[in-house]
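Data block below; observations after.
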2 protein chains.
Amino acid sequence: MRRVAQALDTGPASLYVYVANTAELHAAVLDELLAGLPEDGTGPWRTRLDVLLRGYADLLFTYPGLARSALVLRPVGGNALRLYDRVLGLLLEGGVPADRAAWGVDLLLLYVTSNAAEHSAPAPGDIDASADENAKTSALEHALRSADAEATPHVALHVDQLLGGTPAERVAWTLQVLITGIAATPTTVAGDS
Amino acid sequence: MRRVAQALDTGPASLYVYVANTAELHAAVLDELLAGLPEDGTGPWRTRLDVLLRGYADLLFTYPGLARSALVLRPVGGNALRLYDRVLGLLLEGGVPADRAAWGVDLLLLYVTSNAAEHSAPAPGDIDASADENAKTSALEHALRSADAEATPHVALHVDQLLGGTPAERVAWTLQVLITGIAATPTTVAGDS
DNA sequence: ACCTGAACACCGTTCAAGT
DNA sequence: ACCTGAACACCGTTCAAGT
């Protein structure tokens with residue numbers, strides 16, 4: 001709030017004329033940015049869904065603070081609704097039954113959002129995000145590699161696979177997992193399909 | 001930090017003798033709490049996996065601040081490793097190929113963590129979390145119900161399904177989606193299976 | 001050597017006082 | 001009626017000074 005106010009050459013109190021709190025400000029900024037998502041192209045639905053979700057992911061990676069905000073307070077602005085609609089539309093185009101597709105939208109966007117939030121340094125010391133990222137990765141790697149084979153036999157046996165793959169490979173795999181699972185798993189709710 | 005220090009009848013500076021920062025303190029507390037997860041029982045692996053993940057979810061729902069911390073800084077303490085090991089072991093027991101199971105552990109725990117973080121009020125005004133929860137739900141419901149049928153036709157057509165299901169039903173469905181997808185989706189990495 | 005009081009550098013939010 | 005300076009009530013972290 002204080003930084004935004006400063007950029008607008010006023011005091012932080014002035015912002016409260018337009019937004020109720022920081023969460024609302026974040027939501028408004030995010031919805032504005034969502035207008036910049038690439039338009040739908042041509043090609044198979046699966047590819048277009050990938051492009052759309054990656055576009056959203058890129059946006060959230062660029063502004064990790066917004067990813068954290070979007071996680072606790074779901075975006076409900078006009079552009080966010082259009083994003084939901086596009087994801088839902090693509091799943092339906094792919095032949096996913098409506099009830100599964102409806103719940104699946106939530107899951108896909110939750111994954112993209114939380115993945116972006118996860119790979120983000122905590123807000124304050126935002127000076128060197130990639131150094132922080134490396135520190136986190138090597139802390140995890142060290143913990144897994146020095147795992148006790150007695151206490152955690154499966155981890156010890158499969159360290160290389162636990163740590164394997166590039167971030168891009170893992171994201172691609174995870175999206176495939178989600179879409180496959182969504183298409184294959186009936187909901188408990190009766191309804192059209 | 002200040003609250004913890006006060007509970008220990010000292011100043012906040014004293015804590016920095018034992019931890020480097022707030023993130024480390026959170027990680028230590030979480031790992032301590034993870035020791036209280038229920039032991040593995042008997043029955044089909046799928047049920048035991050559900051019980052384990054729900055136990056973790058309950059813990060994170062009880063301390064939403066820890067869920068947010070665990071999201072940005074992965075737990076790597078001894079008890080966290082045991083949790084990874086148990087989840088990995090159960091997937092392997094279920095016949096999931098090792099490479100998929102290894103990546104799947106990450107995804108399952110990310111989902112549980114981010115779901116807990118999502119359903120948590122922002123830290124400061126933690127007075128009435130359920131009121132905040134209701135406000136968020138009705139804001140989402142209102143946004144979806146008043147969706148423009150022109151701009152977002154799929155959303156307009158499937159509002160009831162988008163909003164349908166109890167939280168418990170959605171969690172159960174999502175876990176099924178994840179496990180189904182994990183078991184069915186080959187990784188891009190060559191290796192044992 | 002180990003601990004800590006006090007200060008530093010921030011936050012978001014409120015409200016009385018201004019125009 | 002609309003805007004905002006200044007204050008309030010917090011944070012996490014540092015470091016010089018104490019024991």
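Naming convention: chains lettered A, B, ... in sequence-line order (proteins, then strands); numbering from 1 in each chain. Quick caveat: nothing in here was measured; it's all calculated off a predicted structure.
- Contact between the side-chain N/O atoms of B:R3 and the OP1/OP2 oxygens of D:dG12 is not found at any separation under 4.0 Å.
- In this structure, B:I182 CD1 and B:R100 CZ are separated by 11.0 Å, a value rounded to the nearest 0.5 Å.
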Could you provide the dot-bracket string of DNA chain C, using ( ) for intrastrand pairs, [ ] for crossing pairs and | for bases paired to another strand, with Watson-Crick or G-U pairs below 3.5 Å? ||.|||||...|||||.||

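- More than 12 heavy atoms of other shown residues, nucleotides or ligands fall within 6.0 angstrom of atom CZ in B:F61.
- Annotation: side chain of B:T113 is in contact with side chain of B:Y56 (closest heavy-atom distance under 4.5 Å).
- No side-chain heavy atom of A:T152 sits less than 4.5 Å from a side-chain heavy atom of B:Y84.
- Within a 6.0 Å radius of CD in A:E32, no more than 12 heavy atoms belonging to other residues, nucleotides or ligands are found.
- Listed candidates were D:dG12, D:dC11, C:dT13. Nearest to the side chain of B:M1 is D:dG12.
- The distance from atom OH of A:Y16 to atom P of C:dA16 is 17 Å, rounded to the nearest whole Å.
- Rounded to whole Å, the distance from CG on A:N21 to P on C:dT13 is 5 Å.
- Applying the 6.0 Å contact sphere to CD of B:Q6 captures no more than 12 heavy atoms from other residues, nucleotides or ligands.
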Using a cut-off of under 3.5 Å, enumerate the N/O to N/O pairs linking the protein to nucleotides 2-8 of chain C.
| residue | atom | partner | partner atom | Å |
| --- | --- | --- | --- | --- |
| C:dT4 | OP2 | B:T10 | OG1 | 3.4 |
| C:dT4 | OP2 | B:S14 | OG | 2.8 |
| C:dT4 | O5' | B:S14 | OG | 3.4 |

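- Nucleotides D:dA9 and C:dA9 place their P atoms 22 Å apart, quoted to the nearest Å.
- Other members of the cluster containing B:V51 do not exist, because no ILVMFWY side chain is joined to it at under 4.5 Å.
- A:W103 places a side-chain N or O within 3.5 Å of a backbone atom of B:Q161 that can act as its donor or acceptor partner.
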